[in-house]
2 protein chains.
Amino acid sequence: MTGVSQATVSLVLNGRDDGNVRIAPETRERVLHAIRTTGYVADPVARRLAARHNRILGVFTYEPVFPTGTGDFYHPFLVGIEECAERLGCDLLLLTSAPVAGGRRRIFHDDNRLRLADGCVLLGRSLDHDELTRLVTEGQPFVSVGRRDDAGGPVPYVGADYPTATAAVVRRALAAGHTALAYLGQGSGPESHADRMRGFRAALDEAGRTPRHLPTTDRSPAELLDALLAAGVTAAVVEEYADGVAIAQLARERGLDIPGDLSILALGDPTRPASTDIDFTGFRIPRREMGWQSVEVLTGLLEADPETVPQRLVPCQPVDGATLAPPKVTP
Amino acid sequence: MTGVSQATVSLVLNGRDDGNVRIAPETRERVLHAIRTTGYVADPVARRLAARHNRILGVFTYEPVFPTGTGDFYHPFLVGIEECAERLGCDLLLLTSAPVAGGRRRIFHDDNRLRLADGCVLLGRSLDHDELTRLVTEGQPFVSVGRRDDAGGPVPYVGADYPTATAAVVRRALAAGHTALAYLGQGSGPESHADRMRGFRAALDEAGRTPRHLPTTDRSPAELLDALLAAGVTAAVVEEYADGVAIAQLARERGLDIPGDLSILALGDPTRPASTDIDFTGFRIPRREMGWQSVEVLTGLLEADPETVPQRLVPCQPVDGATLAPPKVTP
DNA sequence: TCAAGGTGCTAATACGAATTATCGAGCGGC
DNA sequence: GCCGCTCGATAATTCGTATTAGCACCTTGA
C-alpha cells in the first residue's frame, strides 16, 4: 500500500526511533496513515511468538477456582491476583484443563499445559510435595501462595506470617491473665498449621507456661469442649475458625459464658463455610494482599535473576473481637 | 533426545494417524516417553500461529472478574464456565490486561490480546455497542452471555429467557386476582431490562389489563412507594432485586403488610449486594447453566460452521416465595 | 575525485509449531 | 534386475511479527 517493507511497518508500529533505527518522518507519516485507514492491528499471537513471552500468568488451584461453596477460600486471593495482573497488563490463565485424579487436580500429566504461561501462581491449602519438588528442580518459574517447606530446594512463596500472628494472640491472652491455654487443631501437616503451632509454643515457652495441644481429628465439638473443661483450660486457641464456632455455640447452649467462662481465640478467617454472629478475637489473614504480592513476586522472578528464590511473609492483621476476657478467679 | 525430527514430534503430539500420516508404534512410544519425562508442552502461541487454535478460551468482563462486593454478579456464570471448560479440557484466559478507559475495560485497543484465545466468552450487564459491532463484522468467534440486539449483524448469545419468565410471573399475579400491576425499573436500556418489560406488557395485554411503568431512576424508595400506593397498585413487578428489598422494608416500617397490602414480584436474583430475609416470589436466573452453555456454544462455533450464529435462551426457574398474595378487596 | 561518514530503508532470519510433498527402504512379483 | 507398492520419517514451507546486519544513496571535506 505504501510501497514499504514489512520491517519498516513493524518499526513504525512500535515507534522505534533509537540510535540504530531511523525512519524518515515523511515515511513514518505515510505508514501511520495507512494503518489508521485500514484499522490494521498487529496479530498478538505472532507478536508473542517473536517476543518469547506471553504476559500470561498461570493460576493453578488444586480445587475449582470458582467454588460453589459460600465460604469461598480462594476468592480473596484471586481478587488480589487479578488486581495486580491488571495493573501489570498481564492476563491470567486459569489452568482448568488439569485432569482430576483422586479428587484433586494434578499439575503434571500427559498434556501438561503449565508452560502456556510465563509463570504460575500456585494456590492451595497444601500442595503435592512431589509436584512441588519437580517444579523446583526443573526451575519452572512459579510462586506459591502460602509458605512451603523446602522441596528439593527452597520454594518461592508469599505466605502469611502465622507464627508471629499466633504468638501475638497468645501474648494477649497471657496479658489478660490466662495461664492455661490449649491449641485446638492439627498443629501439623500443612505448613500453615505447623506455623501456627510454632507461634503458639514460642509464646508460651517465652512466658514459662506449658503449651497444651488438643487434636481435633475425629472428635466432636462436645468431646472437645469436655476435654477443655476437664483440663481446666481458660483460653482455647483455635486453628480452624469453624471449630471455634461449633465450640462457642455448644458452650453457650450449655449455659457457659463466652468469653466469661472460656476465651476463644481464632487463628484466621473461616476457610470452610461458617456463618456466625460471633466476633472472634484473633487475626485476619491478608489474603488479598498475599494474592497481590504473589503476582508482584512472580513477575519480579521472571524479569530479574531467576536464581534468587523470593520468600515473603506478610503480617496478619490483629482483630480485637469479643471472645477474650480475663479468666475467672477460681474460688 | 529420541533422534527424531521436529515434524515427527508434532505428529505424535497431535496423535495424527490418518491415511497420509503413519508413525511406527515403537517410535510413537519413544517420543511419548520423552515427552512425559521432560514435561514438554507445545508452545501455545506458536501453536495458535500455525494451527489457529490452542484450546484456550478467553473470558472478557467489563468489570473485574473477581469483584470485591459480596453480591457477586459474575460468580455463578464463572462457575458454569469453569465446569464446562474443565470437562472439555480447555483452559480459561481471563483478559485482565485490557486497559481501563472511562471506568470500563475495553476490548479493542493497541495491544488487543483477544486473539490469543481460540474464542471468547463476553460477560457484562451491557456490552459496548461499537465493540460488539466490530467483533461481529470482523467475524471473531465469541459468545455473549446474555441476549444482545443485533449489532451490525446477529450476535451469538446464551441468554436468560426474561420475557417468558416475566410473563409467567405476571400471569401468576393476575391469577391471584391482581388487576393493578406496575413495572418498577428502567424497562429499557440493557437488553435484559427491555426483555423483562416486553414480557410484562405481553402478559398484561393478553389479559386486557393496562401495563403501568414506574421508572426508578433518581427516585428514592419512599417516592416509589408513595407513587405505587397513590396509583392504587396492588402488585409491583420489580426489575432490580435491591429495589424490591428497599421498598419491602420501607413498607413494613410504615406498618404495611407484604404481601397482604402489596405484593412484590422480583424479576431475578440480586445483581447488587442486598441482604434480606425476605423470600421474594419471582424467578431465578440460571446463571451457572448459562455459563456452562456459553462455553458449549462457543466450542461448537469453533468446531462447526462459523457462519451459523447460535442464539439460545435458557428458561428461568420460577420461585414460589412469600411475597405474592391475593389483593385485599377495597371496601 | 574519492574516502569517510551519515541516513533511510530492506533482506534475511528467528520465534516454535503444523503441514505436506517427497524420499528412502524393504518387499514381492514378473 | 526392474517396476510398483507400502511403510516411516523428514526437509521444507507456512503462520505474522521483531530484530539486526548491511546495502544503496547522499553529503562533506580534502
Side-chain angles (χ1 to χ4, degrees), chain A residues 1-35 38-56 93 97 110-118 140 302, chain B residues 1-35 38-56 91 97 109-119 138-141 302-303:
Chain A
M1 234 186 104
T2 54
V4 118
S5 73
Q6 176 264 322
T8 305
V9 174
S10 174
L11 294 174
V12 170
L13 208 59
N14 297 355
R16 297 263 318 251
D17 203 5
D18 36 66
N20 309 324
V21 171
R22 291 168 302 255
I23 306 285
E26 193 268 341
T27 309
R28 182 183 298 274
E29 216 29 74
R30 231 172 52 238
V31 173
L32 282 175
H33 180 256
I35 289 177
T38 58
Y40 169 84
V41 186
D43 182 340
V45 179
R47 252 181 126 124
R48 291 310 157 200
L49 182 58
R52 256 88 94 42
H53 63 261
N54 273 342
R55 284 191 152 291
I56 292 181
L93 184 70
S97 70
D110 298 350
D111 183 24
N112 164 17
R113 320 229 312 153
L114 230 189
R115 307 248 287 257
L116 296 189
D118 291 344
Q140 295 250 17
L302 293 172
Chain B
M1 232 185 107
T2 53
V4 118
S5 74
Q6 177 263 322
T8 307
V9 175
S10 175
L11 294 175
V12 170
L13 207 60
N14 297 0
R16 297 265 314 256
D17 204 3
D18 34 66
N20 309 324
V21 171
R22 289 170 304 254
I23 305 285
E26 193 267 341
T27 308
R28 181 183 298 275
E29 216 28 74
R30 229 173 53 238
V31 173
L32 281 175
H33 179 255
I35 288 178
T38 57
Y40 168 84
V41 191
D43 182 329
V45 177
R47 208 167 168 142
R48 174 127 179 79
L49 186 59
R52 299 164 168 77
H53 64 88
N54 56 10
R55 288 154 62 81
I56 291 180
D91 293 308
S97 71
H109 54 275
D110 302 349
D111 184 25
N112 167 15
R113 318 202 33 212
L114 227 185
R115 284 152 67 190
L116 287 179
D118 292 347
E138 288 185 359
Q140 297 249 16
L302 293 172
E303 284 161 18

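These values consider heavy atoms only, across backbone and side chains, with no hydrogens, waters or symmetry-generated copies. Naming convention: chains lettered A, B, ... in sequence-line order (proteins, then strands); numbering from 1 in each chain.
- Within the 4.0 angstrom heavy-atom criterion, base atoms lie near Ala7(B).
- The end-to-end axis angle of the helix from dT1(C)-dA30(D) to dC30(C)-dG1(D), rounded to 10 degrees and based on five pairs per end, is 80°.
- Across the interface with DNA chain C, nearest-nucleotide mapping of Ala24(A) and Gln6(B) shows Ala24(A) to be the residue nearer the 5′ end.
- Distances shown here put every side-chain N or O of Arg52(B) at or beyond 4.0 Å from the OP1 or OP2 atom of dC15(D).
- Set against dG16(C), dA18(D), dT20(C), the side chain of Asp43(B) has dG16(C) as its closest nucleotide.
- Rounded to whole angstrom, the span from the CG atom of Leu11(B) across to the C1' atom of dT10(D) amounts to 10 Å.
- Looking at every heavy atom in both residues, Thr2(A) comes nearest to Ala34(A) through CG2-CB, 3.7 Å.
- One interatomic measurement links the two molecules: CD of Glu29(B) to P of dA9(D), which rounds to 13 Å at whole-angstrom precision.
- Position along DNA chain D of the nearest nucleotide to Thr27(B) versus Leu49(B) favours Thr27(B) as the more 5'-ward residue.
- Put simply, Arg47(A) has no side-chain N or O that comes within less than 4.0 Å of OP1 or OP2 on dG16(D).
- For Asn14(B) against Arg47(B), the heavy-atom pair with the smallest separation is OD1-NH2, 3.6 Å.
- Spacing between atom CD1 of Ile35(A) and atom P of dT17(D) amounts to 10 Å, rounded to whole angstrom units.
- Leu11(A) and Val21(A) get closest at one heavy-atom pair: CD1-CG1, 3.8 Å.
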Between the protein and nucleotides 21-25 of chain D, which nitrogen or oxygen pairs are less than 3.5 angstrom apart?
none

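- Closest to the side chain of Arg16(B), from the set dT19(C), dA18(C), dA18(D), is dT19(C).
- In terms of phosphate contacts, Tyr40(A) brings no side-chain nitrogen or oxygen within less than 4.0 Å of OP1 or OP2 of dG16(D).
- A distance of 12.0 Å separates CD1 in Ile35(A) from CZ in Arg30(A), rounded to the nearest 0.5 Å.
- Applying the 4.0 Å criterion to OP1 and OP2 of dT10(C), one finds that Thr8(A) has a side-chain N or O inside that range.
- Rounded to whole Å, atom C1' of dT7(C) lies 11 Å from atom CD1 of Ile23(A).
- Contact detail for Leu49(B) and Ala46(A): the closest heavy-atom pair is CD1-CB, 4.0 Å.
- The shortest distance between the side-chain N/O atoms of Arg48(A) and the OP1/OP2 oxygens of dT17(D) is not below 4.0 Å.
- Backbone-only contact: Val4(A) has heavy atoms under 4.0 Å from sugar-phosphate atoms and none from a base.
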**Message:** Checking Asn54(A) against Val45(B) for the side chain to side chain contact (heavy atoms under 4.5 Å, CB included) test, could you report, in this order, the C-alpha distance in whole Å, the side-chain angles of both residues, the deciding distance, and whether it holds?
**Reply:** CA-CA 8 Å; Asn54(A) 273 342; Val45(B) 177; 3.0 Å; yes
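- Atom-to-atom, NE2 of His53(B) to P of dA18(C) comes out at 8 Å; the value is rounded to the nearest Å.
- Put simply, CD on Glu26(B) is 12 Å from C1' on dG8(D), counting in whole angstrom units.
- Between Ile23(B) and Thr8(B) the shortest side-chain heavy-atom distance falls below 4.5 Å.
- Between the P atom of dA17(C) and the CD1 atom of Ile56(B) lies a distance of 14 Å, rounded to the nearest Å.
- The side-chain heavy atoms of Arg28(A) and Asp17(A), taken from C-beta on, include a pair separated by under 4.5 Å.
- One atom, CG of Asn14(B), and another, P of dT20(C), lie 12 Å apart when rounded to the nearest Å.
- In terms of heavy atoms, Ala42(B) sits closest to Leu13(B) at CB-CD2, 3.7 Å.
- In plain terms, the two heavy atoms of Asp118(B) and Arg48(B) that are nearest each other are OD1-NH1, 3.6 Å.
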